[in-house]
Amino acid sequence: MTLLDDLERYYDTVPRVGGARAEDFGPLTLFVQEGEGWPYYARPTLDGPAGDVTVAEVNRVLERQRELNVPQAFEWVAETTPSLRAAVEAAGLHVHAHPLMVLDPAAELPAPHPEVRHLGAEDPLLLQAVAVPMLAFAAPGTALGEAGPAELETTVTDPSTESRRAHVSTMLASGRTAAAVAVRDGVVLCSGQYNPVGDVAEVVAVGTLPAARRQGLALGVTAALVADALASGAKTVFLSAGDEDVARIYGRVGFRRVATALIAEPAQ
């Protein structure tokens, strides 16, 4: 079994353990969240039928997603299912490409960052920790931005932020995720998580307050997450970088590009 095979099995398992049901559409599987939690997506069926995915098959899934009022989204690895991109684009979706990176087993991790620590399920900083990536991903990239502690203070009062906190707290308590933050003067400036399944772990949701970028905080948080994942038994640690600039930061932790992760959704 190849590395990309391992990642395909991980991608198929995560929604299932996260409370989603799987709906079969032949070469595609639609994961639908049941109850609280993140909305999921459609992706290639694990060990599915051979042959190219067609636009008709994509449209069947899109129709079902509209019927369920869930995001019209597909996620897959370009090198594993090369035919899917043309099919989703023909169906009118826009495709985003992200470097798919795996930790080099021989990588030497950076020294622990003095402002980085791990969070538990009941940590009072967890509300800030889930809010920071919301602000970070609203202004993607690595350049300094405007959103800082004042915007964070506003974001944590949004009811949707508390809903996210409650969900992440449940995941932390069950061991389905682990979290780390960079904290200064009681303010979370960067946060991230990793989600383990067996001996594979994916680093996710690493984000820095735009006003606090370019201080090595994302590097420190990522290194802490990786160290914890390895200590907890992970043999493969991977992530999808937002863009090439972000990928270079992860390269400093020891991640190497192995493929391209693709996300398709309606054009904005």
Side-chain angles (χ1 to χ4, degrees), residues 4-49 52-101 130 133-134 137-138 140 160 163-164 167-168 171 176-177 192-197 200-207 238-243 259-268:
L4 292 184
D5 289 335
D6 289 340
L7 297 189
E8 285 298 301
R9 295 192 179 281
Y10 176 94
Y11 286 132
D12 183 77
T13 303
V14 164
R16 300 174 192 272
V17 300
R21 73 173 184 270
E23 297 192 1
D24 181 13
F25 287 83
L28 298 168
T29 297
L30 172 60
F31 291 103
V32 181
Q33 181 60 264
E34 297 188 310
E36 296 295 324
W38 316 127
Y40 285 109
Y41 39 75
R43 61 168 293 100
T45 298
L46 183 67
D47 300 326
D52 292 347
V53 181
T54 68
V55 65
E57 289 163 333
V58 169
N59 280 326
R60 284 181 60 223
V61 175
L62 287 171
E63 181 179 354
R64 178 60 171 157
Q65 289 173 322
R66 288 190 290 267
E67 178 185 336
L68 294 169
N69 195 30
V70 298
Q72 296 173 56
F74 293 72
E75 297 190 10
W76 74 103
V77 176
E79 290 76 3
T80 304
T81 315
S83 67
L84 184 52
R85 179 164 192 161
V88 299
E89 288 179 334
L93 300 183
H94 178 69
V95 177
H96 307 270
H98 303 275
L100 181 60
M101 309 180 76
V130 300
M134 297 165 65
F137 299 151
S160 67
S163 178
R164 286 173 178 260
H167 180 61
V168 173
M171 292 181 66
R176 290 192 291 119
T177 197
Q193 298 167 230
Y194 76 83
N195 300 331
V197 174
V200 179
E202 181 181 17
V203 175
V204 299
V206 176
F238 78 102
L239 54 80
S240 296
D243 56 33
T260 302
L262 298 178
I263 300 174
E265 55 193 4
Q268 299 297 319

Checking His98 against Asp243 for the side chain to side chain contact (heavy atoms under 4.5 Å, CB included) test, could you report, in this order, the C-alpha distance in whole Å, the side-chain angles of both residues, the deciding distance, and whether it holds? CA-CA 6 Å; His98 303 275; Asp243 56 33; over 6 Å; no

Between the side chains of Glu63 and Arg66, is the shortest nitrogen-to-carboxylate-oxygen separation below 4.0 Å, so that they form an ion pair? no

Identify whether the distance between the nearest side-chain nitrogen and carboxylate oxygen of Asp12 and Arg16 falls below 4.0 Å.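 Counted as a salt bridge, because a side-chain N and a carboxylate O are separated by less than 4.0 Å.
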
Do the non-hydrogen side-chain atoms of [X] and [Y] ever get within less than 4.5 Å of each other?
| X | Y | answer |
| --- | --- | --- |
| Leu262 | Arg85 | yes |
| Leu46 | Thr29 | no |
| Leu28 | Val53 | yes |
| Glu202 | Tyr10 | yes |
| Pro44 | Leu84 | yes |
| Val204 | Tyr194 | no |
| Tyr41 | Pro15 | yes |
| Leu62 | Leu93 | yes |

Residue pair [X] / [Y]: nearest heavy atoms and the distance that separates them:
| X | Y | value |
| --- | --- | --- |
| Ala73 | Gln65 | O-NE2, 3.1 Å |
| Tyr40 | Ala20 | CD1-CB, 3.6 Å |
| Arg176 | Val17 | CD-O, 3.7 Å |
| Pro39 | Gln33 | CA-CB, 4.4 Å |
| Met134 | Ser160 | CE-OG, 4.3 Å |

Report the C-alpha distance between Phe74 and Val58 in whole Å, list the side-chain angles of each, state the deciding distance to 0.1 Å, and finish with yes or no for side chain to side chain contact (heavy atoms under 4.5 Å, CB included). CA-CA 9 Å; Phe74 293 72; Val58 169; 3.8 Å; yes

Gap between atom CD of Glu23 and atom CG of Leu68 - 0.5 Å precision: 5.5 Å

Rounded to the nearest 0.5 Å, the OG1 atom of Thr45 sits from the CZ atom of Phe25 at a distance of 10.0 Å

Test side chain to side chain contact (heavy atoms under 4.5 Å, CB included) applied to Arg43 and Glu8, step by step: CA-CA 10 Å; Arg43 61 168 293 100; Glu8 285 298 301; 2.7 Å; yes

Stepwise side chain to side chain contact (heavy atoms under 4.5 Å, CB included) check, Glu89 with Val95: CA-CA 7 Å; Glu89 288 179 334; Val95 177; 3.7 Å; yes

Backbone N or O of [Y] within a donor-acceptor pair of the [X] side chain at under 3.5 Å?
| X | Y | result |
| --- | --- | --- |
| Ser240 | Leu100 | no |
| Thr177 | Asn195 | no |
| Glu57 | Thr54 | yes |

Tell me yes or no: between the side chains of Glu265 and His96, is some donor less than 3.5 Å from an acceptor?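 Checked: Glu265/His96 side chains pair up, N/O donor to acceptor below 3.5 Å.
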
Near-ring test Tyr11/Phe31, centroid separation under 6.0 angstrom: no

For Asn59, side chain to side chain donor-acceptor pair (under 3.5 Å) partners two or more places apart: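 In terms of side chain to side chain donor-acceptor pair (under 3.5 Å), with neighbours along the sequence ignored, Asn59 is linked to no residue.
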
Hey, can you pull the donor-acceptor pairs under 3.5 Å for the side chains in residues 75-82, sequence neighbours left out?
from  : atom 1 : to     : atom 2 : distance (Å)
Trp76 : NE1    : Thr81  : O      : 3.4
Glu79 : OE1    : Thr260 : N      : 3.0
Glu79 : OE2    : Thr260 : N      : 3.4

